[in-house]
Undergrad: 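Mind having a look at this structure? Questions to follow.
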Amino acid sequence: MSPALLRAELTKIRTLRGPLTALALIPLVAVGIGVLNGWSVRDSIETRNPRLRPDFTAEQAGFDGVQYAQLAAIVFGVLVVTAEYGAGTIGVSLLTAPRLYLAKLGAAVLAVLPAAAVATVLGTAATQLALGPHGASLLSPGVPRAMAGAVVYLALMVLLSAGAATLARNALVPLAVLLPLVLMGSQILSVIGATAEAARYLPDRAGARLLTVRPGPDDLSPAAGLAVLLVWAAAILLAGWAAFRHRDV
Amino acid sequence: MTYAGPMRPPHPACDSAGVLQIRELTKSYRRRTAVDRLTFDVPEGRVTGFLGPNGAGKSTTMRMILGLVRPDGGRALVHGRPYAELDAPLTRVGALLESAAPHPGRTAYHHLLWVAQSNRIGRGRIREVLADVGLADVAGQRAGGFSLGMTQRLGLATALLGDPPLLVLDEPANGLDPEGARDLRELLRRLAGEGRTVLVSSHLMAEMAQTADHLVVIDRGRLLADLSTAEFVARHARARVRVRAREPERLLQALIAEGIAVTGMADGSLVVEGVGTHRVGAIALARGVTLDELSTLDASLEEAFLRLVGGPR
C-alpha cells in the first residue's frame, strides 16, 4: 500500500457524491439522533413516564446516536467499493495498480476515522446537553473507553461492509443484508430464546459491547466483543480479497 | 479536436527483450476458446493494427496483456515483464479498453487527478492531455454527461497521461465522428513518429490500412497473419478497377482478348480484376476507346480481409 495509491484512493472518495454524502451523514446522524434522544428522555424523566427503561443511564444514552450513525458508516463502506463496479471503473483502477485492495481499505479507514471521532464526541456531547440537568459528564467512568470503542466499532463496520461489497460487486445485496441486520435483525434474534445465545456473536451485537459504558455480568466483555467483531471483519475481508484476486475484468 | 500537443523527444529504447511479446497466449471461457496459442511480437516504434472480426479474441488478448484477465496458458510480456510487475505501470503502458471506463459521477479532471496520483504523475500533465484530446473546455463536467466520442477521448487522455512508450488501444475509433476518426489517425501517426509503440485493435480493415505500419490478423483466437501493411496489400489485395467507356462492348472484348477478368455492371460500367488502372488505360488507348471514368475500387482491402477470415458472418 504505497502513499501514492492511498492518496489516489482518498481522491476517489472525495470526488464522488455518494461516498462523500454517506461520510458526512455519520456525524450528522450521531448528533441529530443524539439531540432528539436527549430531549425525549429528559421529557420522560421530568414527566415520570413509566415507559423509561429501568436500566437507563445518561452515560449509555449518549451512544444511541452513534448506534444509528453506523447505518451511514455501512453505506459508506459499501459505496466506496461499489463505485468501482457500476461503470467498469475497476478496469481503470486495476490498470493504475493491479494490487489496490489494501490501498482502498486503508483509504476507507483513513476517511472514516475523523468522521467517526467527530460523530462520537459531538453525538455524546449533544445528547448530554439535550438531557440538560440529567446529563452526565463525558469524563464519567467508562465513557472515554466507550467513546474510543465507538470509533473503532465504526471503522470495523466500514471495513466489514467494504469486504462484503467486494464479494457482491453491487451495493444492493450487502446493504439488503447489513442494514436490516443492524436495524432490527440481531435485536429480534437476541430476544428469541433459541437464538439469543448465538445472536450475541453477530458482528453488530458483539461490536456493540465496545460502546457499552458499564457491561453487565452476563454480557461479553468489551474486549471479547472486539475480538468477535475482528474475526467477522477479517473473515469477510479475506473472502473479498480472494474473490478480488481471482476475478477477471 | 486537435491533437496539437508539444512534440516530445523520442523515448529511449526499452529493454532489449522487446516492447510487447505475446507467447502461446490461451484463454477459454467455459467451452469456448477465446484466444488459442497466440504468439506474436509488436514491432517497436510503429503502429500495429490488431485486426479481426467482432468476437475474434482481440479484446481478451489486450486484457490479458494488461493483466485484467488471467491467461489459462502462455504469457504476455510488457517491456519484458508481466504487466502486474511493472512499477507505476501507466508510465510504461497507456491503455484504452471498453472494460475500463471513467466513473460517470466524477468530472474529467478528477478522473485524471486520481489516476495521476496513483502513478505519481505530475498534476501539470492533466491539463496537457485534456488539451491534447480537445476536452479542456469540459474538464469540470461529469463524465456521465459525455457522448460516446467524448468518453473515448477521455479514455485516450487517460492512456496518454503517463507519457508511456507503449500504447494498447482497443477499438479507439468506436463512437468517433469522421472528424474525430481523422484526428485519431493523426494522433496515432504522431505517437509513432515520437518513437512510441502502438497496438491498436479494429474490426475495420480500411481504417487500419490507412494508419498501421504492421498488421496482426486473428480470428477465433488464432493468428492468421503477421506482416507489414505493404506486404498485406501486395499479397492479398486483388487490384480492382472500375472503368466507364463510351463503347463498353469494344473495351469488354479487348479486355477479354487480353485474358483479363471483367464483370459488366448494371450501370454500364465494367469492373476489371487483377490489373491496375495503367494497364486498362493502355488497352483502351490502343483500341481508341474513349474513357469517362477509370478508378481503383477501395473496397478491395476490406474484401481481402474478409476472405482471410473466412468471409462475412
Side-chain angles (χ1 to χ4, degrees), chain A residues 1-23 75-76 78-108 110-111 165 169-171 242-249, chain B residues 27 29 34 59-60 62-72 82-121 123 142-144 151 154-155 158-159 161-162 164 168 170:
Chain A
M1 187 189 343
S2 75
L5 286 187
L6 209 53
R7 186 159 167 236
E9 288 298 327
L10 283 170
T11 299
K12 279 186 190 170
I13 290 172
R14 76 172 171 81
T15 54
L16 275 189
R17 267 188 210 149
L20 206 57
T21 308
L23 198 60
V75 172
F76 172 71
V78 169
L79 288 187
V80 163
V81 171
T82 56
E84 298 280 357
Y85 290 100
T89 313
I90 186 68
V92 187
S93 295
L94 289 173
L95 289 177
T96 61
R99 305 180 182 97
L100 86 163
Y101 188 66
L102 265 184
K104 184 166 285 299
L105 296 179
L110 276 185
R169 280 185 284 180
N170 64 58
F244 183 80
R245 271 198 53 166
H246 290 99
R247 219 174 249 155
D248 288 343
V249 174
Chain B
K27 179 74 183 181
Y29 291 107
S59 292
T60 304
M62 287 182 148
R63 276 145 70 199
M64 285 194 280
I65 291 170
L66 298 162
L68 296 182
V69 166
R70 301 169 162 260
D72 296 334
Y83 186 88
E85 290 178 14
L86 295 175
D87 184 41
L90 297 194
T91 62
R92 311 296 305 277
V93 194
L96 175 78
L97 292 174
E98 205 182 319
S99 58
H103 191 287
R106 224 176 247 128
T107 67
Y109 181 84
H110 281 149
H111 168 73
L112 293 171
L113 176 62
W114 77 256
V115 173
Q117 287 173 340
S118 69
N119 277 244
R120 300 186 295 277
I121 298 162
R123 258 175 209 240
R142 288 173 204 280
T151 307
L154 181 53
T158 312
L161 193 61
V168 175
D170 194 8

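Everything quoted here is computed from the prediction, not taken from an experiment. In what follows, chains carry the letters A, B, and so on, assigned in the order in which the sequence lines appear, proteins first and then strands, with residues in each chain numbered from 1.
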Undergrad: Compile the donor-acceptor pairs under 3.5 Å between side chains in residues 97-108 of chain A and protein atoms, sequence neighbours left out, one pair per line.
TA:
unit_1	atom_1	unit_2	atom_2	d
Tyr101(A)	OH	Leu237(A)	O	2.9
Tyr101(A)	OH	Trp241(A)	N	3.4
Lys104(A)	NZ	Glu9(A)	OE1	2.7
Lys104(A)	NZ	Glu84(A)	OE2	2.9

Undergrad: Which value, rounded to the nearest 0.5 Å, describes the distance between Thr89(A) atom OG1 and Arg106(B) atom CZ?
TA: 6.5 Å
Undergrad: Ignoring hydrogens, what is the shortest heavy-atom contact between Thr96(A) and Ser118(B)? Give both atom names and the distance.
TA: CB-OG, 3.2 Å
Undergrad: Let's test your reading of the structure: which of Ala87(A), Ala8(A), Ser2(A) forms the most heavy-atom pairs below 4.5 Å with chain B?
TA: Ala8(A)
Undergrad: Report which part of Arg63(B) has an atom under 4.5 Å of a heavy atom belonging to chain A: side chain, backbone, both, or neither.
TA: side chain
Undergrad: How close do Leu95(A) and Leu90(B) get, heavy atom to heavy atom, and via which atoms?
TA: O-CD2, 3.8 Å
Undergrad: Applying a criterion of heavy atom separation less than 4.5 Å, what residues of residues 11-18 of chain A form contacts with chain B?
TA: Thr11(A), Lys12(A), Arg14(A), Thr15(A), Leu16(A), Arg17(A)
Undergrad: Checking Arg120(B) now: which residues fulfil salt bridge (charged side-chain N to carboxylate O under 4.0 Å, His left out) with it, not counting sequence neighbours?
TA: Asp87(B)
Undergrad: Is there a side-chain contact between Trp114(B) and Val92(A) (heavy atoms, below 4.5 Å)?
TA: yes
Undergrad: With sequence neighbours left out, write down each residue that passes side-chain hydrogen bond (donor to acceptor under 3.5 Å, both in side chains) with His103(B), or none if nothing qualifies.
TA: none
Undergrad: Counting heavy-atom pairs under 4.5 Å to chain A, which of Leu86(B), Thr158(B), Asn119(B) comes out on top?
TA: Asn119(B)
